Colleague: 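My questions will all concern the structure given below.
If you read the sequence from its start, that first residue is 1, and numbering goes on from there. Side-chain atoms are counted along with the backbone in the values below, which use heavy atoms only and exclude waters and symmetry mates. Everything numeric here is computed off the predicted structure, so don't read it as measured data.
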Amino acid sequence: MSEECKILAFVAFGIECYKKRKNLEGGKTAELFRRYGVDAYLHDEYEVLHTMGEAELLDDIDRFIKVRS
């Protein structure tokens, strides 16, 4: 698997986990991520973020959104 495929799979993982945690629909989660730049953040910071556990990653996403809202 190419590095870009790994990164895109990680972004999808973030969306799915966040969707489950917040009990959101997929489209609403994707829109939220686009609005606040979470998708780009997960993509651009993959090297650091993919080393986090799921709960830590989701807490980081919550902080990222809170700072931007």
Colleague: Going by an N to O cut-off under 4.0 Å, is there a salt bridge joining K28 and E31?
Modeller: no

Colleague: Is there side-chain contact between K22 and L32, with heavy atoms separated by less than 4.5 Å?
Modeller: no

Colleague: Taking only residues two or more places apart in sequence, or in another chain, which ones meet E47 in a side-chain hydrogen bond (donor to acceptor under 3.5 Å, both in side chains)?
Modeller: none

Colleague: Using 0.5 Å steps for rounding, measure from the CG atom of D39 to the OG1 atom of T29.
Modeller: 12.0 Å

Colleague: Write down the atom of H43, the atom of I7, and the distance for their closest heavy-atom approach.
Modeller: CD2-CG2, 3.3 Å

Colleague: If the condition is side-chain hydrogen bond (donor to acceptor under 3.5 Å, both in side chains), which residues does D44 pass it with, not counting sequence neighbours?
Modeller: none

Colleague: Write out all pairs satisfying ring pair (Phe, Tyr, Trp, His ring centres under 6.0 Å) with one or both partners inside residues 19-39, taking only residues at least two apart or from two chains.
Modeller: Y18-F33

Colleague: Suppose we screen for side-chain hydrogen bond (donor to acceptor under 3.5 Å, both in side chains). Which residues come up paired with R68, at least two apart in sequence or across chains?
Modeller: none

Colleague: Could you give the distance from CG (L42) to CG (D60), rounded to the nearest 0.5 Å?
Modeller: 8.5 Å

Colleague: Using side chain to side chain contact (heavy atoms under 4.5 Å, CB included) as the criterion, list what pairs up with E54, not counting sequence neighbours.
Modeller: F13, C17, L58

Colleague: Applying a strict under-4.5 Å side-chain criterion to I, L, V, M, F, W and Y, I'd like to know whether I61 and L8 cluster together.
Modeller: no

Colleague: Answer yes or no: does atom CD of E25 have more than 12 heavy-atom neighbours from other residues, nucleotides or ligands under 6.0 Å?
Modeller: no

Colleague: Name all pairs fulfilling the ring pair (Phe, Tyr, Trp, His ring centres under 6.0 Å) condition that reach into residues 50-69, sequence neighbours left out, sorted by first residue then second.
Modeller: Y41-F64, Y46-H50

